[in-house]
Each structure stands twice: as structure tokens, then as C-alpha cells.
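Structure first, then comments.
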Amino acid sequence: MTTRYRVEYALKTHRRDQFIEWIKGLLAVPFVLYSQPQGVFEGQDGSNVLTQTREEAHRRYSEILRDVEIMVDDHIANQNDLDNPFPSKLKLLVPSIGPFFTRLPLEAAFKFQDRKRYISSRRFVSPSFNDIRLILNSAQIMAVTTYGTLQLATFDGDVTLYDDGQSLEPSSPVIPRLIDLLRKNVKIGIVTAAGYTTADRYYARLHGLLDSIANDTDLTPTQKQSLVVMGGEANYLFEFDADSPHLLSPVPISRWLTPEMASWSESDITSLLDVAEAALRDCIKSLNLPATLMRKDRAVGIIPVNPEIRIPRESLEETVLVVQKILELSTAGRSRKVPFCAFNGGRDVFVDIGDKSWGVTVCQRWFSALHGQGREEDMIKGENTLHVGDQFLSAGANDFRARSVGTTAWIASPAETVELLDELAELMGKKMS
Ligand code: IMP
Ligand code: MG
């Protein structure tokens, strides 16, 4: 039993998104009942079987997504009713579900994605994880632009803006889309785990974007200033600065640290990183990893001994889960004085002090009228914030934590980020007109 549980946990639970899996299960029923694989042959004679089954599947899928939409509305009403001690129906059905910042127009989002992805036309491949992930993304950006106004967009770096380990080159199609957001007075935060203490290192990763902003003649100085880089998840803040050689200036910590973050003591940080370092060293030994340890002032990680070597995915995942467990059970971790984030970066594993929920929060405060020192009510709110990232599994992923402070979109490649930004621009354009 224990072994079975461990297998289920280690191999499955942390690699599944329960909400998406649940919706997938709901859509599988009409898929099985109404998609007609034999229609492929019947359609050959020119009859309209294909159209009929497509329309029927479309209708059923739409109805289910409308029902889920209503259930999310009920969940939101429940989360806002502080006197109600009972969980919502959605919470009972999907225990891992968290708070929502906006309602989700799932039926409209499904219709939009069905036009793009022909989900209802398929008779051999049922609605997939990716179909549903993209429907949720569309619903979220529809909500953020329709029910309110997008004020802050934050982006993860690796896999979201550029390929893993690469840089934002001048030719990247994402650059003009980000500049378009600035032009529409949306603030931008690049909230990356990549933790460097100096501007030159971020310039090396982001030069395509930074140079384009510097050279853009349409953007006002205020719009140019509306870009910050939050590195090491929540540890180093840089603001755009056209006069600096690397177009970024470090912001002194006293100008952006939140009161809660200011209470993280150096000795607690060091103890936590010491425990993480020891756990990582043990994993290198026990799994015989071709990796070396990298200790920084706010992070510790393992990276391959040389860039050509790839540490097997299973070893990276095992390492994250082991380190996370050891940290949770350690004195430093149990006290919960200092939050941390252990994650699998695809080629490496890192444990960072803080996490992206803190990083996005700093951006929400930074861009409020009083620059980080502002009152809570001046902060950009979760419903006006969108974080775009690729790491949203609950364990061993770093964008997941951003869900607690704002709305999110889960992309799988820089090309998907481009598509998402085009969708967003269209929705913002519609609203303005
Ligand atoms: P992100 O996808 O932009 O959050 O970047 C994550 C990647 O940044 C990791 O997979 C590492 O390769 C790299 N990285 C560099 N320095 C750090 C650090 O201090 N902490 C975590 N990740 C780092
Ligand atoms: Mg990433």
C-alpha cells in the first residue's frame, strides 16, 4: 500500500493538474458517446454525417464548459463569503482548486479555441490536456480584459520568452508584442528564477528587448520605465534605465522590499540554504548525477558538469522531490520563517529564497503610485495582473506560486506566448473600440 501510494505520488500526482484532468474527464464522456469514428467511412458518400457529429460534439462540449463556468462562479461566491465554513461544490470535486481572481468565460473560450483547433471535429483524439490548458488561458485573458483592465503583465523567462537557456534575441517575435503592451500603458515585469546580482547578466539574456525599448521612438519615457526585471524569483529588482550601459539599473533593496520580506533574517536564509545544499549534495552522490553544485547568496542549485550533458529528467524530478521533502521537515523549513521554492528547471534543479508570488507582489507594489512604499489598497490587484509562465505543476515548478497573487496563463513554448499575446492584443483592441 505504501509503495503503491509512493509510486502514485512520485510519478503521477505532482505531474497532473487536477482541474484540467477533471475537465478532461468530463469532456471524455460526450467524446465517447458522440464522436463516431465510423463516420470517416460514412462521410465518403457525400452525406453530412461529419457535420452532424461535429455540431453535436460542439454543442455537448459547450454545455459542459458552461456548467463548469457556473460552478466556478459558485466557487467564487463561496470564497468571498467569509462566514460560510463549507467548501464549494467545485472544491469538493477538485480538492486542489485554489482561489479565482476573476470568473472564467469557459464556454466562449471553448468556442474560440474550437474554431482554431477543431476539437469537435476529431473522432479519434479526445479533448486533450493541451486543448483544455489553452481554453483556460483564453478564458483567463478574456476575463482580465473584459471584466476589468489589464494593468500588469509579468513573464517568466526560460521557455516563456525564449527557449530554455537561450536569450531574447532582437529577431524574437515576442519583442514587438511586449512593446505593444507598454504602448497600451500595461506595466511589464520579467519575473525569472535566473538570479544574477548585476545588470550585465540580465542584459545578456534580454538584450533584444532592452535595445528595442531604448531605440523605440514611439514609447514615452514613462512607458519605457514601465519595465522591470525581478530576478532570482524575488531577490533582485532592476528597472529600465536608458542611460545605463546595460539599460537596467539595480533598485536598492530598501525601495522595494515588502515588510514581510524584510523580516526574513540572513541567518534563517543561510540555514535554509545549508540544508538544501546538503540535500542536493546527497542526491548528486546517491543518484550519481553528472552535476556540480552552485551556491549563490539567495539560491543553491545543481547544474550539469558541462553544457552538453543532460541530467535525466527522472533524476531531476527525484532530486526536487527529495530536497523539497527534506526542507519541509528541517527545522529551518518547518519554522516557515523564510519561504523557498525548489524546482526542476529542465536541465538543472534550484532552490531559491522566496518564490514568484513574492516576485509578482513586488511588481504589483512597485508600479502602484507610491513605488513600493504604497498603501496596500494602491497596489495593482490580482484581477488586474496576468502572469505568463511554463511551470504550473504543483510540485517542483516555479510559476505555480504566482497563482496565489494574480491570474495566470500556462504556455508551453515561446511560440505559444506569441499566440497568447496576439489574442490579448485583439481583446484589448476590441475593448478600446
Ligand atoms: P525561469 O524559467 O526564467 O524562471 O528561469 C529558470 C532557470 O534560470 C533555471 O532553470 C536555471 O537554469 C536558471 N538560473 C540561473 N540562476 C538561477 C538561480 O539563482 N535560481 C534559479 N534558477 C537560476
Ligand atoms: Mg520557465
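Read the numbers this way: they start at 1 and go in the same order the structure lists the ligands and their atoms. Just so you know, these numbers come straight off a predicted model, no measurement behind them.
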Query raised in the report: Hey, which residues fall under 4.0 Å of ligand 1 on heavy atoms?
Result: Asp156, Gly157, Asp158, Thr192, Ala193, Ala194, Gly195, Lys296, Ala299, Phe343, Gly345, Asp348, Phe350, Asp352, Lys356, Asn398
Within the side chain of [X], is there an N or O that forms a donor-acceptor pair under 3.5 Å with the backbone of [Y]?
X	Y	result
Asp241	Ser249	no
Tyr202	Tyr196	yes
Lys431	Thr145	yes

Report task. Scan side-chain atoms only and decide if Asn130 and Ser128 contain a donor-acceptor pair under the 3.5 Å cut-off. Result ->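 No, no side-chain donor-acceptor pair sits under 3.5 Å.
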Query raised in the report: What protein N/O/S atoms lie closer than 2.8 Å to the Mg ion (ligand 2)?
Result: Asp156 OD2, Asp158 O, Asp390 OD1
Query raised in the report: Is it true that Phe100 and His75 have ring centroids separated by less than 6.0 Å?
Result: yes
**Report entry** Aromatic contact, His58 with Phe110 (centres under 6.0 Å)
**Finding:** yes
Query raised in the report: For Phe129, which residues count as a ring-ring contact (aromatic ring centres under 6.0 Å, His included) partner, sequence neighbours excluded?
Result: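 Once residues adjacent in sequence are excluded, the partners of Phe129 under the ring-ring contact (aromatic ring centres under 6.0 Å, His included) criterion are Trp410.
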Requested in this report: Applying side-chain contact (heavy atoms from CB on, under 4.5 Å) between Leu289 and each of Leu316, Ile309, Ile311, Val305, report the one that passes.
Outcome: Ile311
Report summary line: Ser120 meets the side chain to side chain donor-acceptor pair (under 3.5 Å) criterion, sequence neighbours left out, with Asp114
